[in-house]
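Numbers for residues simply follow the sequence, beginning at 1.
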Amino acid sequence: MREHYHEELESITDGLVEMANLVGSAMGRATAALLDADLQLAEDVISKDDSVDELQRHLENRAIALLARQQPVATDLRIVVTSLRMSADLERSGDLAQHVAKLARLRHPERAVPPDLRRTILEMGQLAQRLMAQAAEVLITHDVDAARRLEQDDDRMDELHRAIFQHLMDDRWHHGVQTAVDATLVGRYYERFADHAVAVAQRVVYLVTGEYADDLLTDPPVNT
């Protein structure tokens, strides 16, 4: 009975890894659809978000069933509760990838991203996908150091997000209000996607140590 219980816990983690891989791939494909005005690819990303939602519901049902049947305590309880929160982060990440694809569809056959922002958006898309892949790896390895490095890697996303605003405020911007709104929205989608990847990694830190990642960064008190 106990062996089956731990198999259930492991299967929930496997499901989280699958979700992370799915939403990371979705963001990569959504970025390609956005930059290339690829309507078919955008539609594919949009339609496949249902599979992420279904997987989240399945994981939530299994986690709730474990809570009801096994009434876990200590570390096992932490695993179940943290998994529920991570599944919510990953589901929201899938929604953000879908938003990027919907913007590509909305502006088709035109490209939503002007040429002078293309390089920035491409890097944001690649970085978002890489951060989520790292989060998936952390879910597998439970490597606390790797999980904490994810937040440092996210600093680059914040820089790129700020760069978009700086570009929009430049006197040389000549693409109009609609394109400015599109750029603002898409920058926010990538920035929030990265935040969710970091949140997953931070929850792994809590899962392993029982402490929140921010608390681990606090210097210990000096004895006087």
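Val23 and Leu41 fall into different hydrophobic clusters, where Ile, Leu, Val, Met, Phe, Trp and Tyr side chains are chained together by heavy-atom contacts under 4.5 Å. Linking ILVMFWY residues whenever their side-chain heavy atoms come closer than 4.5 Å, directly or via other members, places Leu117 and Val177 in the same cluster. Residue Met19 is not grouped with residue Ile46 when hydrophobic side chains (ILVMFWY) are merged at heavy-atom distances under 4.5 angstrom, including chains of intermediate members. Both Tyr189 and Val181 are assigned to one and the same hydrophobic cluster, defined by single-linkage of ILVMFWY side chains at heavy-atom distances under 4.5 Å. One hydrophobic cluster holds both Ile140 and Leu90 under the rule that ILVMFWY side chains link at heavy-atom gaps under 4.5 Å.
Contact annotation: the side chain of Thr141 approaches that of Glu137 to within less than 4.5 Å [non-hydrogen atoms, C-beta and beyond]. Counting only heavy atoms from C-beta outward, the side chains of Gln129 and Phe193 never approach each other to under 4.5 Å. At a threshold of 4.5 Å between non-hydrogen side-chain atoms, the residues Tyr190 and Leu160 do not count as touching. A heavy-atom distance below 4.5 Å is found between the side chains of Tyr206 and Arg78. The closest side-chain heavy-atom distance from Leu35 to Arg111 is not below 4.5 Å. A heavy-atom distance below 4.5 Å is found between the side chains of Met132 and Ser93. Side-chain contact between Thr13 and Leu9 is absent, with no heavy-atom pair separated by less than 4.5 Å. The shortest side-chain heavy-atom distance between Asp153 and Arg130 does not fall under the 4.5 Å cut-off.
One distance of note links NE2 of His108 with CD of Gln40; it measures 10.0 Å at 0.5 Å rounding. In this structure, CG in Leu131 is found 11.0 Å from CE in Met27, a value given to the nearest 0.5 Å. In this structure, CD on Glu123 lies 12.0 Å from OG1 on Thr31, to the nearest 0.5 angstrom. Atom CG in Leu96 sits 7.5 Å away from atom CZ in Arg192 (nearest 0.5 Å). In this structure, CD on Glu7 lies 12.5 Å from CD1 on Ile12, to the nearest 0.5 angstrom. Considering CD of Glu18 and NE2 of His58, their distance stands at 9.0 Å, rounded to 0.5 Å.
Under the 30°/60° scheme for interplanar angles, the aromatic rings of Trp173 and His167 are found to stand perpendicular.
Contact check on Arg188 versus Glu191 returns a salt bridge, with a Lys/Arg side-chain nitrogen under 4.0 Å from an Asp/Glu carboxylate oxygen. Salt-bridge annotation for Asp143 and Arg148: absent, with no side-chain N of the basic residue lying under 4.0 Å from a carboxylate O of the acidic one.
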Leu39 and Glu43: CA distance, side-chain angles, deciding distance, side chain to side chain contact (heavy atoms under 4.5 Å, CB included) verdict: CA-CA 6 Å; Leu39 181 60; Glu43 294 285 10; 4.1 Å; yes
Using the rule given for side chain to side chain contact (heavy atoms under 4.5 Å, CB included), can you reason through Leu127 versus Arg156, listing the C-alpha separation, both sets of side-chain angles and the distance that settles it, and then say yes or no? CA-CA 8 Å; Leu127 180 56; Arg156 177 57 182 164; 3.8 Å; yes
Test Asp44 against Lys48 for salt bridge (charged side-chain N to carboxylate O under 4.0 Å, His left out), laying out the working first. CA-CA 6 Å; Asp44 185 62; Lys48 287 184 178 177; 3.4 Å; yes
Might you work through the salt bridge (charged side-chain N to carboxylate O under 4.0 Å, His left out) test for Glu60 and Arg57, ending with a clear yes or no? CA-CA 5 Å; Glu60 283 187 344; Arg57 287 191 291 269; over 6 Å; no
Between Ser83 and Leu59, does the side chain to side chain contact (heavy atoms under 4.5 Å, CB included) criterion hold? Intermediate values first, please. CA-CA 8 Å; Ser83 295; Leu59 289 176; over 6 Å; no
Run the numbers on His196 and Val200 for side chain to side chain contact (heavy atoms under 4.5 Å, CB included), then give the verdict. CA-CA 6 Å; His196 285 298; Val200 169; 5.7 Å; no
Salt bridge (charged side-chain N to carboxylate O under 4.0 Å, His left out) assessment of Arg203 paired with Asp89: CA-CA 10 Å; Arg203 296 190 198 286; Asp89 281 311; 2.8 Å; yes
Report the C-alpha distance between Asp36 and Arg118 in whole Å, list the side-chain angles of each, state the deciding distance to 0.1 Å, and finish with yes or no for salt bridge (charged side-chain N to carboxylate O under 4.0 Å, His left out). CA-CA 10 Å; Asp36 299 336; Arg118 182 180 176 87; 3.3 Å; yes
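Within the 3.5 Å criterion, the main-chain N or O of Ile79 finds no donor-acceptor partner in the side chain of Thr82.
Ala194 and Met157 get closest at one heavy-atom pair: CB-CG, 3.8 Å. Considering all non-hydrogen atoms of both residues, Arg107 and Ala112 come closest at CG-CB, 3.7 Å. Closest heavy-atom contact between Ala97 and Ala30: O-CB, 3.4 Å. In terms of heavy atoms, Ala147 sits closest to Ala201 at CB-O, 3.5 Å. What you find for His142 and Leu139 is that their closest heavy atoms are CD2-O, 3.2 Å.
Under 3.5 Å, the side chains of Asp116 and His175 contain a donor-acceptor pair of N or O atoms.
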